[in-house]
Amino acid sequence: MFRIGFGTDVHRLVPGRPLLIGGVQIESELGADGHSDADVLMHAATDAVLGALALGDIGTHFPNSDDRWRNAESSEFLLYAIGLADHRGYKVVNIDTIVDLELPKLRPYIGDIRRGLAEALRVSIDQVSVKAKTGEAVDAVGERGAIRAQAVVLLQIAERGDC
Ligand code: MG
């Protein structure tokens, strides 16, 4: 049995914050604002996994009103979601993602971002796709006001086994 999940996230870009994408620190004048480490790709991927399981969203499990998650590493959220999948016997088949960011260009970082995401998902890098797009100078992304990520994930449950 297969289940598909979709996740999306957006964070404002502000000075004085780090810019983390898939656990990778990006050199940038602007960083992502947020309660946790504001890793937009980890958040979108977490929502995709939770969505595939029909278990709500990242805000349900990690409310930003909870101080435990202040500056939390977002890979923790994804590891937690993967733990829920594991517990139900589901494995990740693949994940495809898009990061929308005007600057800097992400091409030099794509390999590391794929590795970071693969590690948090506990899959191999060939199961992880990360595509980068710019905002073409329109909307909040294009005006360098925001970073956005989208993720779609496919989970498969083992036909037989003890889960
Ligand atoms: Mg977020």
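Every number for a ligand or one of its atoms is a count from 1 in the order of the listing. This structure is a prediction, so every number in the text was calculated from the model and none was measured.
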Strictly under 6.0 Å, is that where the ring centroids of Phe77 and His61 end up?
no
Heteroatom of His43 nearest to the Mg ion (ligand 1) (N, O or S, atom name):
ND1
Only N/O/S atoms count here: what is the atom of His11 closest to the Mg ion (ligand 1) called?
NE2
Would you say Glu29 has more than 12 foreign heavy atoms packed within less than 6.0 Å of its CD?
no
Working to the nearest 0.5 angstrom, can you tell me the gap between Thr134 OG1 and Glu102 CD?
4.5 Å
Test side chain to side chain contact (heavy atoms under 4.5 Å, CB included) applied to Leu13 and Leu19, step by step
CA-CA 9 Å; Leu13 291 176; Leu19 184 59; 4.1 Å; yes
The Mg ion (ligand 1) and Asp9: any N/O/S contact shorter than 2.8 Å?
yes
